[in-house]
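I have placed the structure first, in the form of structure tokens, so that the comments after it can refer back to it.
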Amino acid sequence: MINPEVELFSDTKTRPGKAMLEAMMTAEVGDEQADEDPTTNALQKKVADLLGKEAALFVPSGTMCNQIAMAVHCQPGDEIIADKTAHIINFEASGPAVIARASIRPLDGVRGQFTVEQAQAGLRAGFRHAPDSKMIAVEQTANMGGGSIWPLEVLESLSELAKDNNLVTHMDGARLLNAVVASGVSEKDYAATVDTVWIDLSKGLGCPIGAVIAGSKEFIEKAWPWKQRLGGSMRQSGILAAAGIYALDHLVDRLTIDHANARLLATRLAQIPGVQIDPLTVETNILIIDVTEASLSGPEISAQLLEKGVRMGATGPSGLRAVTHLDVDEAGIIRAAEAFANICS
Ligand SMILES: *Cc1c(COP(=O)(O)O)cnc(C)c1O
């Protein structure tokens, strides 16, 4: 099924609305690679200001932001500390091994988050046979941690640890704005805890394409050749950047609706026998649903939901993930919960 009626597979499935398309159609454009695209320049400035960083760079995807950051920050043979569920470990086709040629030390965190003590214990002793610890990477929010929000104090402590040990810090902020809207902590305060940070435009913000990475001027200078090398340099990218500007101006505050819908879905699903999800742990727009005790497996439930016009992805034999976004309303949530209940009864 290409377009199920209730799409909860991912917030990447959003489609640009009419107003966004109009902004794209009327965008002023030029050659991005020569810094001559005014709309791309405006988006980059807007995101740099939003995040309190010196400069920013528009690239086609969040994955490319992570790959560029790792390539700029790390020498081959360096090591990156990340949670075991991290996107850079599980969903970037071994990019760190292929592109930055860095190894990753996965930490056994809870809901996608490790502690400062775990990070400290993960640092290498600096002897001949050990990798060189170089970078601490966090995801705000933690995707496979069920959209959990890293507390500001933990990020600040990690930043201290990194400074004390000459490490760089990087934030995969695919859903940073979800964290901001849910916690009330500002973009700048979160971003101040890391050297580099990016936001995705193609997730909950509803754009068709794009992500923006921010950091020091020096970092962005070094990021450019990587963007070019990876084939991420564009031309009249203002058409895409215009969607990003529109989203940042109009679609951020409404993320609270997605969070309320996610909590509603969790509350409904928690009532189904054999289904485990604690609604209190649903902080943003992602639910990781445990069906270990249900009569059907995650993939079986996913397949049967699809027959009823509802899509959720299985995360494994006993789990599903549901993600709310601007193309799912409360009626869709109720319909999804009812379909889930019918299947499990
Ligand atoms: C989606 C996602 C990415 C990758 O972003 P794309 O724009 O799809 O390449 C990276 N990290 C996290 C946490 C994500 O959810």
Side-chain angles (χ1 to χ4, degrees), residues 7-16 43 47 56-71 80 82-96 98-100 104 106-107 109 111-114 135-150 155 169-180 182 190-191 194 196-214 223 226-227 230-232 234 237 240-241 243-244 247-248 255 258-259 262 283-288 312-313 315 321-326:
E7 176 64 87
L8 293 164
F9 186 86
S10 173
D11 48 6
T12 54
K13 301 282 188 187
T14 53
R15 266 159 290 176
L43 173 67
V47 173
L57 186 62
F58 183 42
V59 294
S61 73
T63 299
M64 194 179 285
C65 291
N66 280 335
Q67 295 305 322
I68 288 174
M70 291 185 283
I80 297 162
D83 185 80
K84 63 182 187 294
T85 64
H87 200 277
I88 54 173
I89 299 180
N90 299 292
F91 306 111
E92 300 193 8
S94 298
V98 176
I99 297 168
I104 302 196
L107 299 183
R111 304 189 67 236
Q113 299 180 26
F114 48 85
M135 175 168 149
I136 299 178
V138 297
E139 269 177 35
Q140 183 74 304
T141 64
N143 182 346
M144 298 312 288
S148 70
I149 301 173
W150 285 79
L155 294 172
T169 44
H170 172 71
M171 178 181 286
D172 170 336
R175 297 185 183 82
L176 172 61
L177 298 179
N178 292 83
V180 167
Y190 281 134
V194 289
T196 51
V197 50
W198 60 271
I199 57 169
D200 214 322
L201 303 173
S202 70
K203 300 266 163 91
L205 293 182
C207 300
I209 284 183
V212 187
I213 183 161
W226 278 105
K227 166 167 151 153
L230 295 171
M234 297 176 273
S237 58
L240 303 169
L248 289 170
L255 291 171
D258 300 343
H259 300 168
E283 295 174 87
T284 57
N285 69 328
I286 303 177
L287 288 79
I288 303 286
M312 288 183 200
T315 57
R321 189 184 76 149
V323 188
T324 58
H325 52 76
L326 82 175

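Remember, it's 1-based here, ligands and their atoms both numbered in the order they're listed. This structure is a prediction, so every number in the text was calculated from the model and none was measured.
Under 4.0 Å from ligand 1, heavy atoms of Ser61 appear from its side chain as well as its backbone. Contacts between Met64 and ligand 1, counted as non-hydrogen atom pairs separated by less than 4.0 Å, are absent for every part of the residue. Only the side chain of Asp200 comes within 4.0 Å of ligand 1, counting heavy atoms alone; its backbone N, CA, C and O stay farther away.
Nearest protein heavy-atom contact of atom 11 (N) of ligand 1 is Asp172 OD2, 2.5 Å. In terms of protein heavy-atom proximity, atom 9 (O) of ligand 1 is closest to Thr63 OG1, 2.7 Å. Closest to atom 14 (C) of ligand 1, if we only count protein heavy atoms, is Lys203 NZ, 2.9 Å.
Between Glu139 and ligand 1, not a single N/O pair is under 3.5 Å apart. Polar contact with ligand 1: absent for Glu92 (N/O pair, distance under 3.5 Å). Ligand 1 has no N or O atom lying under 3.5 Å from any N or O atom of Thr12, backbone or side chain. For ligand 1, the polar-atom distance check against Thr141 finds no nitrogen or oxygen pair separated by under 3.5 Å. Looking at ligand 1, you'll find an N or O of Asn143 within less than 3.5 Å of one of its N or O atoms.
Residues passing the side-chain hydrogen bond (donor to acceptor under 3.5 Å, both in side chains) test with Thr63, sequence neighbours excluded: none. By the ring-ring contact (aromatic ring centres under 6.0 Å, His included) test, Phe114 pairs with Trp150, sequence neighbours left out.
At distances below 3.5 Å, not a single donor-acceptor pair connects side-chain atoms of Asp258 with backbone N or O atoms of Val323. Under the 3.5 Å distance criterion, the side-chain polar atoms of Ser237 are left unmatched by any main-chain donor or acceptor of Leu240. The main-chain N or O of Gly109 is found under 3.5 Å from a side-chain atom of Asp83 such that the two form a donor-acceptor pair.
Here the rule is side chain to side chain contact (heavy atoms under 4.5 Å, CB included) with Cys65, and of Leu57, Ile213, Val197 only Ile213 fits it.
Compare Gln140, Arg175, Gln67 by their heavy atoms: the one nearest to atom 15 (O) of ligand 1 is in Arg175.
Of the N and O atoms on the side chains of Gln140 and Asp172, not one donor lies less than 3.5 Å from an acceptor on the other residue.
Side-chain atoms of Ile68 and Val59, non-hydrogen and from C-beta on, do get closer than 4.5 Å to each other.
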